[in-house]
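Below: the structure, in structure tokens.
Bear in mind that the values here come from a model prediction, so they are computed numbers and not experimental data.
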Amino acid sequence: MGRVEGANGTDFRSDVRIFNPEKATQKITLRFITSSRTYEKTVSIAAGATVAYDDVVTALFPGAGTGVTGALVVSAPKRVEATARTYNY
């Protein structure tokens with residue numbers, strides 16, 4: 001995951017989608033782990049809902065700034081489905 005400048009004027013960012021297939025709202029904890037720090041955010045996702053976080057670093061972890069990469073850990077009390085993509089925009 002990240003929000004970083006690449007070579008020749010390219011810019012990379014990461015988007016995340018999380019689906020809650022359960023029959024109740026879930027509190028999901030997201031941890032963005034960089035080489036120097038861990039950022040944490042808790043969000044609620046309604047039953048059967050999908051949430052989208054475009055440019056997830058800026059959307060959920062603004063304190064991380066730009067020029068940062070790391071791992072994103074998604075934790076939930078029950079099953080969730082998460083997808084992510086990092087791309088040049």
Are I45 and F61 connected into the same hydrophobic cluster when the rule is that any two of I, L, V, M, F, W, Y join if their side-chain heavy atoms are below 4.5 Å apart? yes
Are F19 and L30 connected in the hydrophobic side-chain network, where two residues link if heavy atoms are under 4.5 Å apart? no
What one should report as the nearest heavy-atom pair of A46 and T25 is CA-OG1, 3.6 Å
What are the two closest non-hydrogen atoms of A47 and E22, and how far apart are they? CB-O, 3.3 Å
Is the shortest heavy-atom distance from the side chain of F32 to the side chain of V56 under 4.5 Å? no
Do V16 and M1 come within less than 4.5 Å of each other through their side chains, counting heavy atoms only? yes
The reported gap from CD1 in I28 to CG in N20 (rounded to nearest 0.5 angstrom) is 6.0 Å
Holding to salt bridge (Lys or Arg N to Asp or Glu O under 4.0 Å), I want the full list of residues that pass it with R17, two or more places apart in sequence or in another chain. D54
Donor-acceptor pair, N88 side chain versus D11 backbone, under 3.5 Å? yes
Is it true that a side-chain atom of T38 and a backbone atom of I33 form a donor plus acceptor pair closer than 3.5 Å? no
Report, as yes or no, whether the 6.0 Å neighbourhood of atom CD on E40 holds more than 12 heavy atoms from other residues, nucleotides or ligands. yes
Which pairs would a plain distance check flag for residues 62-85, meaning a side-chain donor or acceptor within less than 3.5 Å of a matching protein atom at least two apart in sequence or in another chain?
unit_1: S75; atom_1: OG; unit_2: R31; atom_2: NH1; d: 3.4
unit_1: R79; atom_1: NH1; unit_2: E81; atom_2: OE2; d: 2.7

Other than Y89, what residues sit in its cluster of Ile, Leu, Val, Met, Phe, Trp and Tyr side chains whose heavy atoms are under 4.5 Å apart, directly or through others? Y87
